[in-house]
Amino acid sequence: LTATPHPTQPAAKRLAPASPDGSLRFSYTFLGFSTAQEARGKCSQHGHHLAMPKTETEHSDLSAAVDKLFKSGDMTMTWPNNTLWLGGQWNSATNRWEWDDGTAIGEVRWASGQPSSSANQTHEPFLCMVADGHVHDSDPPYSFGVMCEKGTLSPTLSRPVLTATP
């Protein structure tokens with residue numbers, strides 16, 4: 001694959017999808033394009049973390065925020081500008097995918113042929129999401145979109161755990 005140049009690095013762009021009842025679950029901030037580790041650091045500097053869509057609703061919210069970035073031209077349909085890092089990675093100690101907060105990853109919308117390094121997942125230990133909402137495993141040097149998430153849920157509300165898929 002040939003990487004195309006990134007659009008001009010945007011200033012932080014805040015995106016906040018609303019739930020059907022009008023309340024906010026998360027606010028998203030797009031911080032341009034970076035490698036996997038740089039992305040985590042950028043989000044942390046803003047008091048956020050990389051997006052972790054743990055439920056179908058959260059995945060839909062994230063996809064809606066990403067759609068806004070395509071419409072604004074901050075992301076394009078050409079790789080790697082159509083991809084963003086997710087806050088999940090392979091934990092070789094536990095031999096499973098985990099969100100950056102340490103919780104086990106349940107259901108994943110894997111793209112066809114993914115995860116591509118399932119025989120040796122340490123080669124591609126990070127998760128990323130492409131424009132169509134499907135997830136890939138990836139190695140760290142690529143510069144993908146950085147979508148930071150900050151929860152606005154009440155601490156008494158919990159996220160449901162979804163059934164794991166291979």
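Given the structure is predicted, the values throughout are model-derived calculations rather than measurements. Note that the numbering runs from 1 along the sequence shown for the chain.
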Mind checking what makes side-chain hydrogen bond (donor to acceptor under 3.5 Å, both in side chains) contact with Ser63, not counting sequence neighbours? none

Gap separating the CD1 atom of Ile105 from the CE atom of Met52, nearest 0.5 angstrom: 9.5 Å

Which one of His134, Arg109, His136 satisfies the side-chain hydrogen bond (donor to acceptor under 3.5 Å, both in side chains) criterion with Gln114? His136

Which distance, rounded to the nearest 0.5 Å, do you find between the OG1 of Thr29 and the CD of Glu149? 10.5 Å

Would you confirm whether Asp137, through its side chain, and Ser116, through its main-chain N or O, come within 3.5 Å as a donor-acceptor pair? yes

Any sub-3.5 Å donor-acceptor pair from Ser92's side-chain atoms to Asn95's backbone N or O? no

Ring geometry between His48 and His46 (parallel below 30°, tilted from 30 to 60°, perpendicular above 60°): perpendicular

Looking at residues at least two apart in the chain, or sitting in another chain, which of them share a side-chain hydrogen bond (donor to acceptor under 3.5 Å, both in side chains) with Asn91? Glu98

To the closest 0.5 Å, what do you measure between CH2 (Trp85) and SG (Cys128)? 5.5 Å

When rounded to the nearest 0.5 Å, the distance separating OG1 of Thr57 from CG of Leu62 is 12.5 Å

With sequence neighbours excluded, tell me which residues meet side-chain hydrogen bond (donor to acceptor under 3.5 Å, both in side chains) with Thr35. Glu38

Lys42 and Ser34: which non-hydrogen atoms are nearest, and at how many Å? NZ-OG, 2.8 Å

For Phe33 and Gly145, the nearest pair of non-hydrogen atoms, with its separation, is CD2-N, 3.3 Å

Contacts of type ring pair (Phe, Tyr, Trp, His ring centres under 6.0 Å), residue Trp97, not counting sequence neighbours: Trp90, Trp110

Under 3.5 Å: donor-acceptor pair, side chain of His59, backbone of Gly133: yes

Within residues 28-91 or reaching into it, pairs that qualify as disulfide bond (SG atoms under 2.5 Å apart) - sequence neighbours excluded: Cys43-Cys148

Please give me the minimum heavy-atom distance between Ala104 and Trp99, naming the atom from each residue. O-CD1, 3.9 Å

By side-chain hydrogen bond (donor to acceptor under 3.5 Å, both in side chains), Asn82 pairs with (sequence neighbours left out) none

Angle between ring planes, Phe144 versus Trp79, binned at 30° and 60°: parallel, tilted or perpendicular? perpendicular

